[in-house]
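Below: the structure, in structure tokens.
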Amino acid sequence: MSGDQVHNDSQIEADFRANDSHKHKKDKEHRHKEHKKDKDREKTKHNHSEHRDPSEKKHKDKHKDGEKHREKDGEKHIEKHREKDGDKHRDEKHREKDGEKHGDKHVEKHREKDGEKHREEKHREKDGEKHKDKHKEKDREKRREEKMKSSSGSLKIKRENGFASPPCIKDEPADEAYTISTTENEKPIKRSRDDDDLDYKPKKVKTEDVKKAKKRKQEEDVKPKSKNKSKVTGSQGDGKKRKIKKEEEEKWKWWEEERHSDGVKWKFLEHKGPLFAPPYEPLPDNVKFYYDGKQVKLSPNAEEVATFFAKMLDHEYTTKDIFRKNFFKDWKKEMTADERNLITNLSKCDFNELSQYFKAQSEARKQMTKEEKLKIKAENERILQEYGFCMMDNHKERIANFRIEPPGLFRGRGDHPKMGKLKRRIMPEHIIINCSKDSKVPPAPSGHKWKEVRHDNKVTWLVSWTENIQGSIKYIMLNPSSRIKGEKDWQKYETARRLKKCVDKIRNTYREDWKSKEMKARQRSVALYFIDKLALRAGNEKEEGETADTVGCCSLRVEHINLHPEMDGQEYVVEFDFPGKDSIRYYNKVPVEKRVFKNLQLFMENKQPDDDLFDRLNTSILNKHLQDLMEGLTAKVFRTYNASITLQQQLNELTNGDDNVPAKILSYNRANRAVAILCNHQRAPPKTFEKSMMNLQTKIDAKKDQLADARRELKSAKADAKVRRDEKTKKALESKKKAVQRIEEQLMKLEVQATDKEENKQIALGTSKLNYLDPRISVAWCKKFDVPIEKIYNKTQREKFAWAIDMAEEDFQF
DNA sequence: GAGATGACTTAGGATCCGTGCT
DNA sequence: AGCACGGATCCTAAGTCATCTC
């Protein structure tokens, strides 16, 4: 850092301190403080490591252990580790083969650098999982992934993948590159729309972004769909017709049609309204509730709420104070005066008989005969046919959630202050119906009426109601395979692709802003750097006490990061540790550029742990800024962009065209995994994980034995063949050869499977696949490498991504 | 502008259900 | 036939972001 830089910095600091005009921020901080004073910090910290709290304690504890390990013994083990790992088998080889030459080496490097991995190792040792040795290689892989959840290891990977276009970020800025920087009105950055012709328009035109669409508006006024309209018209009653229509419907290529313009979401909408939860069925008389040892017959309302609690008795929720407190409070509201007088202590309530009863019921359900099950299935199908579809603009579309959420106890995630509260039963009188004027309005259940019927074609929902826990609105909307969702999805990826075009510019700009005189710009640029580099979420402000304490980028607090000028042989390391969405812990150690580091020090100066790190920034400011840089750009576009570009790059690096299909799929899963790690998509390890892993290993061992035998036989057959050269021996030799080959293949398959599984232990691939990865990348990859699309996308996914499957050619590049 | 509201996407856990094994 | 397993599906909470309201 040059002298003037330093100077610059200190000047700013001075400015900063002097300038105190940000009261609102201050207020915010203040609130925070107030609120949190009571919370002891220790606890808070603690919580982080327990992010997964709702579920198994064990898991949690393990996790913690792991964490400790990691932190404590960091690097040293690595070495050991590595030696130990030395032998890893085929999988490794595998990787070496295709990896080494392409990009895998850096991953490797990464790994080497990373101390933490062995944590996993230890962990496992501790747990006595011997089968592991066989799987060292896996361990290695695994640890690489696992750490993410638990820790630092991830960062490496993250960094790697995360920085989709690393080059520009890494080197020091060259200030002159971008003069734009500081001021609000910087035009330079603004990429003009001319560059967005990049939109991928496979078949038709379609792709415009919203704004463009707006321009175009009129035409659809005329009539949007056209093509298939004929078939779907009015009231095709008979089965045949319907069938035909259905098929056509399935094939409907909405992506080849014009879009509605300017906020209009549909022209015609007709549906059957929601399906309400079944009414409460009182308990049989022989199932009793006891209070303080004495049987009490509850009033129907009180009883219903009691059953909600009873059904959750085995869940950890019911042991939590907040949950119990909230539940009890709401339960009392449902009691009669007498009940309220009698029942004053939840701990004296005995729900066991109720709980047993429900268990028995579910058991009975499992024991049902085939016929009974079929009957139920048929009934469900009937309901689906009746309520599960709507008619939108001449097409029959599937509804995602046509069932109204049944009453129950609210299960918030993390330390949610409202967990245990009673979710009320939704009645028709709570429901707003949305449909078109010229449609048949669904009738309310007899004796009831809707709260409202409206005809708003600027929204996509069919039904809405206000939920009573947070007071938020819930909706019934269409399935992801519907036109209305698909278009939006497609558009999302197109926006991300537009970002690709100008991301370098934007990166240069924010790097420039790290030096700004304006505190606001500095904070904004550092935050944006995190969002880009680490794929953090924007981080809206949340109302305190209403939800679990979670944060995203803009709402990070001082307590969520630690600065290490030097750590593990790297300079300027930022250690993140905070609860993110769904209270999933984000833990990562990231080396950053010096300027970022210095800025962070500055932002943290004179602040308390619970003060906002970016006190002059919020998502609204950030997004406004982004909007100026690129039309349609918001913080979350960076997540989409970085996820997709990472997939694309990883696929390019990892795929070996000579591999067989399972190996290619492993490569795909690895690429997918890199994204999941980047986005911090975690899952609780399946309860049966260790066991099923063990089973797999047993199979592998058996296969190895088999292979050894086969090889022995082959050897002797060879010897035989040398001595006697007759046809028969020759043939025998051939068949032995083949057998060995076959077994080798089988073994390979098994091992690939094991590796994949191990690596996936606590990483959820589904979320990124469904929400962040441009499906055209996957489709193109499948086409290019002759992998059946079914291996990558299941039926539902294929429906959702039908547009991409139809339009992407093998040369598609994100 | 700040805060509230509304619409819509993203998310992990629970549950269902088909499949392959014993 | 019974069962375990794991992927698919369901469920709904928890985010993001634009817009409305004062």
Side-chain angles (χ1 to χ4, degrees), chain A residues 23-25 27-28 51-52 54-56 210 263 265 312 315 362 365-367 370 373 376-377 380 400-406 408 410-414 416 418-419 423 432 434 456 458-461 464 466-467 469-480 484-485 488-489 492 537-543 546-548 550-555 579-584 618-624 626-627 632-637 639-640 643 676 679-684 686-689 691-692 695-696 699 757 760 762 764-768 770-772 793-797:
Chain A
K23 8 212 117 182
H24 66 275
K25 250 331 173 163
D27 291 349
K28 198 163 104 185
H51 62 292
R52 259 178 197 288
S55 30
E56 318 74 271
V210 193
K265 303 288 170 45
M312 291 180 72
H315 205 289
S362 92
R365 232 171 295 130
K366 279 185 211 152
Q367 301 304 326
K370 237 184 204 141
K373 281 183 181 166
I376 292 179
K377 207 175 165 187
N380 281 335
N401 55 325
F402 55 89
R403 287 170 207 270
I404 295 284
E405 295 173 17
F410 177 75
R411 297 150 95 114
R413 302 180 190 150
H416 197 116
K418 299 196 173 177
M419 65 169 74
K423 260 177 68 157
I432 300 174
N434 192 34
D456 182 355
K458 299 279 177 53
V459 297
T460 67
W461 54 267
S464 76
T466 301
E467 152 270 354
I469 304 291
Q470 320 273 0
S472 64
I473 307 173
K474 301 266 192 165
Y475 304 93
I476 290 181
M477 293 184 184
L478 297 192
N479 202 61
I484 213 160
K485 294 289 185 192
K488 201 88 187 291
D489 208 36
K492 172 180 77 186
R537 295 185 184 83
N540 283 317
E541 289 158 88
K542 307 170 75 184
E543 219 174 310
E546 296 292 302
T547 60
T550 63
V551 300
C553 187
C554 294
S555 50
K581 181 178 181 180
D582 292 324
S583 293
I584 296 293
N618 61 36
T619 53
S620 166
I621 294 170
L622 179 64
N623 280 335
K624 260 177 205 141
L626 292 175
Q627 190 62 226
L633 185 60
T634 63
K636 88 191 202 28
V637 177
R639 247 169 105 79
T640 310
C679 294
N680 202 35
H681 291 144
Q682 302 188 21
R683 64 167 185 170
K687 289 185 191 89
T688 56
F689 186 85
K691 201 173 141 207
S692 69
N695 289 344
L696 232 190
K699 273 193 203 165
K757 189 173 183 148
N760 259 358
Q762 49 201 168
L765 299 188
T767 306
S768 49
L770 231 47
N771 300 299
Y772 289 103
Y793 290 135
N794 66 31
K795 183 161 152 284
T796 317
Q797 292 165 162

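Side-chain atoms are counted along with the backbone in the values below, which use heavy atoms only and exclude waters and symmetry mates. Within every chain, numbering begins at 1; the chains are lettered A, B, ... in the order of the sequence lines, protein sequences first and strands thereafter.
Here A:Lys542 reaches the OP1 or OP2 of C:dG15: one of its side-chain N or O atoms lies under 4.0 Å away. Contact annotation: A:Asn401 side-chain N/O to C:dC11 OP1/OP2 distance is not under 4.0 Å. Contact check, A:Thr550 against C:dG15: a side-chain N or O comes under 4.0 Å of OP1 or OP2. The side chain of A:Lys492 places an N or O atom within less than 4.0 Å of a non-bridging phosphate oxygen (OP1 or OP2) of B:dT10. Under 4.0 angstrom from either OP1 or OP2 of C:dC11 there lies no side-chain N or O belonging to A:Lys474. In this structure, A:Thr547 does not reach the C:dA14 phosphate: none of its side-chain N or O atoms is under 4.0 Å from OP1 or OP2. The phosphate of C:dG15 has neither OP1 nor OP2 within less than 4.0 Å of any side-chain N or O from A:Asn540. A close approach under 4.0 Å does not occur between any side-chain nitrogen or oxygen of A:His416 and OP1 or OP2 of C:dA13. Phosphate proximity of B:dT9 to A:Arg537: absent, as no side-chain N or O sits under 4.0 Å from OP1 or OP2. Note on A:Thr619: every side-chain N or O is 4.0 Å or more away from OP1 and OP2 of C:dT16. Side-chain nitrogen and oxygen atoms of A:Tyr475 include none within less than 4.0 Å of the OP1 or OP2 phosphate oxygen of B:dT9. The side chain of A:Lys624 places no N or O atom within less than 4.0 Å of a non-bridging phosphate oxygen (OP1 or OP2) of C:dC17. Contact annotation: A:His681 side-chain N/O to B:dT10 OP1/OP2 distance is not under 4.0 Å. A:Lys377 has a side-chain polar atom (N or O) that falls below the 4.0 Å cut-off from OP1 or OP2 of B:dG18.
The main-chain N or O of A:Asn760 is found under 3.5 Å from a side-chain atom of A:Arg683 such that the two form a donor-acceptor pair. A:Asn623 places a side-chain N or O within 3.5 Å of a backbone atom of A:Ala635 that can act as its donor or acceptor partner.
Remark: A:Glu546 CD to A:His416 NE2 distance equals 7.5 Å, nearest 0.5 Å.
Spacing between atom NZ of A:Lys366 and atom C1' of B:dA14 amounts to 13 Å, rounded to whole angstrom units.
For the pair A:Glu467/A:Lys423, no side-chain contact is recorded, criterion being any heavy-atom separation below 4.5 Å from C-beta on.
Among the nucleotides B:dG12, B:dT9, C:dT12, the one closest to the side chain of A:Ala764 is B:dG12. Comparing B:dC8, C:dG15, C:dA13 against the side chain of A:Phe410 picks out C:dA13 as the nearest. Among the nucleotides B:dA7, C:dT12, B:dG12, the one closest to the side chain of A:Met477 is B:dA7. Each of C:dC17, B:dA11, B:dG13 was ranked by its minimum atom distance to the side chain of A:Asp582; first place goes to B:dA11. Nearest to the side chain of A:Arg683, among B:dG13, C:dA18, C:dA13, sits B:dG13. Of all nucleotides listed (C:dA14, C:dC17, C:dC11), C:dA14 comes nearest to the side chain of A:Arg413. The side chain of A:Thr767 has B:dG12 as its nearest neighbour among B:dG12, B:dT9, B:dG13.
Remark: A:Lys795 pairs with A:Arg798, A:Glu799 by the side chain to side chain contact (heavy atoms under 4.5 Å, CB included) rule, at least two apart or across chains.
Taking every heavy atom of both residues into account, A:Gln682 and A:Ala764 meet most closely at O-CB, 3.8 Å.
Residue contacts shown for A:Pro406 are limited to sugar-phosphate atoms, with no base heavy atom under 4.0 Å away. When heavy atoms are screened at a 4.0 angstrom cut-off, A:Lys423 is found touching the sugar-phosphate backbone but no base atom.
Where A:Trp461 and A:Thr640 meet DNA chain B, the nucleotide closest to each residue was compared, and A:Trp461 sits on the side nearer the 5' end. Positionally, the nearest nucleotide of DNA chain B for A:Arg639 lies more toward the 5' end than for the other of A:Arg365 and A:Arg639.
For A:Lys636 and B:dT10, a side-chain-to-base donor-acceptor distance below 3.5 Å is absent, hydrogens and geometry of angles not being considered.
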